[in-house]
**Q** 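Take a look at the following structure, please.
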Amino acid sequence: MKSLVARVAIISVVMLGAAMSAHAANLMGPTPEQQKRHLELFHEGQALWPIYCNHCHNARNPAEFAPYQWDQIIMHMRTVENLPPEDAAAILEYLKTAR
Amino acid sequence: MRRAHQLLIAGTFASIALTVLTPGSTRADESSVSKPGSSGDPAEAKPGSYDRLLRELQAERQHMREVERRHEEEEAAERKRIEALEKEVSAINSANLQLQQAQTTLQTSNVQTEKQVGQIQKTVSSELGPFNFGDRINSFLGQHTFTMVGDASVGYYYDHKGGVNDPVLEFEINPMIRLADWIQFYGAIGAVASPGGISTVGPTLANLQIFPLGQEAPLELVAGLFDMPFGDFYENQGPPWVNPFVTAPLMYGAEAILPPASLGLQARGGIQWGGLGQDVDYTVWADSGPSFESSPGVNAIPAPVIGERLNPLTGTNIATNGKGFGARFRLFPVPISEDLGRLELMATTYNGKWLDSLWYNSWGVGYAYRLGPFRTRGEWGQTYRQMQSLTGAAAYPGCCGHENRQGWYAMAGYFLYGIPHPYLGDWLEPRFNKIEFLVRYSGVNQRGILANDITNVPVQGFNGSPSVFSPHAREVALGLDYWLAPSIVWQTEVDLELPSRGGTLYNFAGTSTLPTASSIGGTTNDVAAMTQLTVGF
């Protein structure tokens with residue numbers, strides 16, 4: 001009985017610790033690699049947006065839509081434009097960040 | 001650091017030793033002074049005090065060792081801390097370096113894009129779309145998978161020959177529902193109010209956009225009712241805030257030679273084959289085939305005849321046994337690094353059966369180009385329809401043989417911000433920058449025209465001129481657009497209808513189920529004018 005209580009206590013402490021460190025990791029935000037990738041995508045999108053998105057209609061302002069709406073609109077626009085996937089991701093990153 | 005420590009400790013020892021020894025001799029001296037007659041051996045004279053001194057000395061030594069040990073411990077801990085700090089500093093330095101590099105890249109790419117963005121901003125101020133339907137509905141539903149976009153326009157149309165002087169009102173809404181990362185629903189439904197009454201306008205769409213291999217793969221399926229991906233117009237230039245003209249070019253508008261929408265399945269995608277911007281894309285599809293207004297189930301006219309209108313939607317294949325297969329390829333040859341804008345070259349073919357075993361074949365080529373204040377587009381397309389082969393009493397005028405249609409258009413637009421204008425002043429300058437001048441030439445050739453199709457009731461995108469309905473229609477459209485925002489535009493257009501040669505006019509008069517044929521010469525010229533405010537939201 002006593003050892004059971006002890007085990008439960010140890011497990012809870014370990015789990016609590018794990019949860020706290022996971023939380024801490026979250027608080028620390030994206031890793032430098034992730035940040036670098038975002039930045040690369042952003043730059044590519046920034047270069048593509050004024051040309052690609054101005055091809056059929058005037059380029060729409062990033063601030064016009066919320067990020068979740070850009071997710072949907074880019075899903076639609078990459079269909080009409082048949083955008084290469086990488087370019088779609090870059091423009092999406094640009095639109096969501098630049099707003 | 002460590003050396004200083006050792007010196008300090010050594011020094012401490014030395015001074016303790018001095019302190020311990022010096023009082024001893026002093027005392028000896030004292031004793032000799034105070035007790036001159038006593039023995040000269042101090043140890044023998046005071047053995048108890050020596051022991052005490054020794055003990056004190058030992059205790060002192062121990063204390064010093066203890067101090068030294070603690071110092072060492074502290075020093076080690078400090079060293080560790082310093083190492084950790086040094087690591088952190090070097091990590092920060094490298095992150096800093098990365099950031100600096102990124103900033104340099106950002107600055108360079110900024111310089112590159114500044115010009116383009118600047119150009120865009122000149123024409124389109126930073127105003128937002130006026131309504132955020134999607135946002136409101138999402139906050140009502142409490143979820144973020146729904147967006148609603150669309151457009152609305154209100155305009156006034158005038159046509160000389162048709163005696164038209166009418167307002168036209170139109171709207172379309174496009175719901176988008178993202179069901180998952182790889183699937184989204186897209187719809188379109190709209191209405192137009194004109195003197196002819198209220199009717200649905202444009203094709204009603206409802207399709208699923210599916211990424212079966214995820215969004216990273218250049219393969220997408222579109223299933224359902226979709227815009228016909230022939231050329232670029234129906235799919236890419238249709239909405240009134242996208243098309244810089246009020247009307248559509250004849251081959252995609254009043255005198256359409258291809259169906260505007262279709263029911264079927266598409267596979268499509270694009271890849272980059274060279275530098276950034278050098279893309280190639282494909283769209284292949286199978287659908288229910290084109291159909292005409294005489295098709296079973298439609299029956300605007302009772303029998304198939306040369307020159308009759310296409311149905312707005314292919315979708316009567318149960319009655320017509322229609323089927324269609326299409327493929328479109330587009331090439332973007334110019335990399336963006338050249339700073340030469342975006343050039344698109346395209347070719348499409350669409351073939352199938354329009355009624356039972358009767359063929360419909362079509363193909364077309366086109367281009368689109370935009371650089372700074374200048375844009376241009378053009379297309380050429382041809383369709384062929386195999387007619388019935390009826391003989392004897394069954395044959396009627398316009399029933400049989402082949403039907404060919406050709407259509408084309410070329411347009412160009414120029415934003416005034418491209419022209420140097422240094423003395424306009426703060427008020428006029430931004431307004432001047434938002435003006436675009438446009439011109440378009442379009443034409444359609446077909447052997448016959450159907451009297452029953454001729455109308456002068458204007459609807460959104462049709463100017464009301466009966467001269468459009470000519471076997472060899474030609475139109476020059478002049479446009480003046482004032483762009484209040486990227487998707488808010490006040491458009492004014494003047495159309496000069498300059499039909500060329502005549503052809504055959506078929507007519508289902510009264511209750512007649514079969515047409516009569518007469519030949520018509522070149523229809524007279526006409527002029528129409530339209531002005532319209534359009535908002536894409």
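Note that the coordinates shown come from a computational prediction; the quantities given were computed from them, not determined experimentally.
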**Q** Would a distance-only check, ignoring hydrogens and angles, find a side-chain to backbone donor-acceptor pair under 3.5 Å from A/Q72 to B/M176?
**A**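 Side chain of A/Q72 to backbone of B/M176: a pair is present.
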
**Q** Going by the side chain to side chain donor-acceptor pair (under 3.5 Å) test, name the single residue among B/R375, B/E344, B/R342 that passes it with A/H55.
**A**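 Exactly one candidate clears the test, B/E344.
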
**Q** Run the ring-ring contact (aromatic ring centres under 6.0 Å, His included) test against B/Y234 and tell me which residues pass, sequence neighbours left out.
**A**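 Expected list: B/Y252.
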
**Q** Taking the side chain from B/R268 and the backbone from A/E81, do they hold a donor-acceptor pair closer than 3.5 Å?
**A**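 It does not hold such a pair.
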
**Q** So, for A/P85 and B/G270, which heavy atoms are closest and what is the spacing to 0.1 Å?
**A**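 Shortest heavy-atom contact: CD-O, 3.7 Å.
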
**Q** Give the intermediate values and the outcome of side chain to side chain contact (heavy atoms under 4.5 Å, CB included) for residues B/Q215 and A/R78.
**A** CA-CA 10 Å; B/Q215 291 211 28; A/R78 64 175 288 183; 3.4 Å; yes

**Q** Under a 4.5 Å heavy-atom cut-off, does chain A meet the side chain of B/V222, its backbone, both or neither?
**A**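 Contact with chain A involves the side chain of B/V222 alone.
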
**Q** Are any side-chain N or O atoms of B/R370 and backbone N or O atoms of A/N54, one a donor and one an acceptor, separated by less than 3.5 Å?
**A**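 A pair under 3.5 Å: yes.
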
**Q** Measure across A/V80 and B/E235 and return the closest heavy-atom pair with its distance rounded to 0.1 Å.
**A**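 The answer is O-OE1, 3.8 Å.
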
**Q** When you check the side-chain N and O atoms of B/T283 and A/N82, is any donor under 3.5 Å from an acceptor?
**A**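 Per modelled atom types, B/T283 and A/N82 side chains form a pair under 3.5 Å.
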
**Q** At under 4.5 Å between heavy atoms, what parts of residues 274-281 of chain B are in contact with chain A? List them by residue number.
**A**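 Answer by number: B/L276, B/G277, B/D279, B/D281.
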
**Q** Between atom CD1 of B/I210 and atom OG1 of A/T79, what is the distance when rounded to the nearest 0.5 Å?
**A**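 Nearest 0.5 Å value for the CD1-OG1 distance: 11.0 Å.
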
**Q** A quick test of your reading: do over 12 heavy atoms of other residues, nucleotides or ligands sit less than 6.0 Å from CZ of A/R37?
**A**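 Atom CZ in A/R37 is not crowded, with 12 or fewer foreign heavy atoms closer than 6.0 Å.
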
**Q** Side chain, backbone, both or neither: which part of B/W273 has a non-hydrogen atom closer than 4.5 Å to chain A?
**A**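 For B/W273, no heavy atom lies under 4.5 Å from chain A.
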
**Q** I'd like to know whether B/S487 forms a side chain to side chain contact (heavy atoms under 4.5 Å, CB included) with A/R60, so could you lay out the CA-CA distance, the side-chain angles of the two residues, the decisive distance to 0.1 Å, and finally the verdict.
**A** CA-CA 7 Å; B/S487 62; A/R60 301 283 294 257; 3.4 Å; yes

**Q** Could you walk me through whether B/I336 and A/Y52 pass the side chain to side chain contact (heavy atoms under 4.5 Å, CB included) check?
**A** CA-CA 9 Å; B/I336 66 160; A/Y52 279 30; 4.1 Å; yes

**Q** Output the distance between atom CG (B/D339) and atom CD1 (A/I51), rounded to the nearest 0.5 Å.
**A**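 Reported to 0.5 Å precision, the distance equals 6.5 Å.
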
**Q** For B/Y186, enumerate each residue passing the ring-ring contact (aromatic ring centres under 6.0 Å, His included) test, keeping only those at least two apart in sequence or located in another chain.
**A**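 Partners of B/Y186 by the ring-ring contact (aromatic ring centres under 6.0 Å, His included) criterion, ordered by chain and then number, come out as A/H76.
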
**Q** Counting heavy-atom pairs under 4.5 Å with chain A, which one of B/A217, B/S337, B/G341, B/G214 comes out on top?
**A**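 Result: the option with the highest number of such pairs is B/A217.
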
**Q** Could you pull out all residues at least two apart from B/Y367 that satisfy side-chain hydrogen bond (donor to acceptor under 3.5 Å, both in side chains)?
**A**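 side-chain hydrogen bond (donor to acceptor under 3.5 Å, both in side chains) list for B/Y367, sorted by chain: B/T376.
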
**Q** Would you name the heavy atoms of A/C56 and B/V242 that are closest together and state the gap between them?
**A**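 In terms of heavy atoms, the two residues are closest at O-CG1, 3.4 Å.
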
**Q** Minimum heavy-atom separation for A/M75 to B/I183, with atom names?
**A**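 So the two residues come closest at CE-N, 3.5 Å.
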
**Q** For A/D71, is it the side chain, the backbone, both, or neither that has a heavy atom closer than 4.5 Å to a heavy atom of chain B?
**A**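 Contact with chain B is through both the backbone and side chain of A/D71.
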
**Q** Could you tell me which portion of B/N174 (side chain, backbone, both or neither) has an atom closer than 4.5 angstrom to a non-hydrogen atom of chain A?
**A**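 For B/N174, no heavy atom lies under 4.5 Å from chain A.
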
**Q** Which answer fits B/F226, side chain, backbone, both or neither, if we ask what part of it has an atom under 4.5 Å from a heavy atom of chain A?
**A**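 The answer is neither part of B/F226.
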
**Q** Show your working on side chain to side chain contact (heavy atoms under 4.5 Å, CB included) between A/Y68 and B/T147 and close with a plain yes or no.
**A** CA-CA 9 Å; A/Y68 80 90; B/T147 296; 3.9 Å; yes

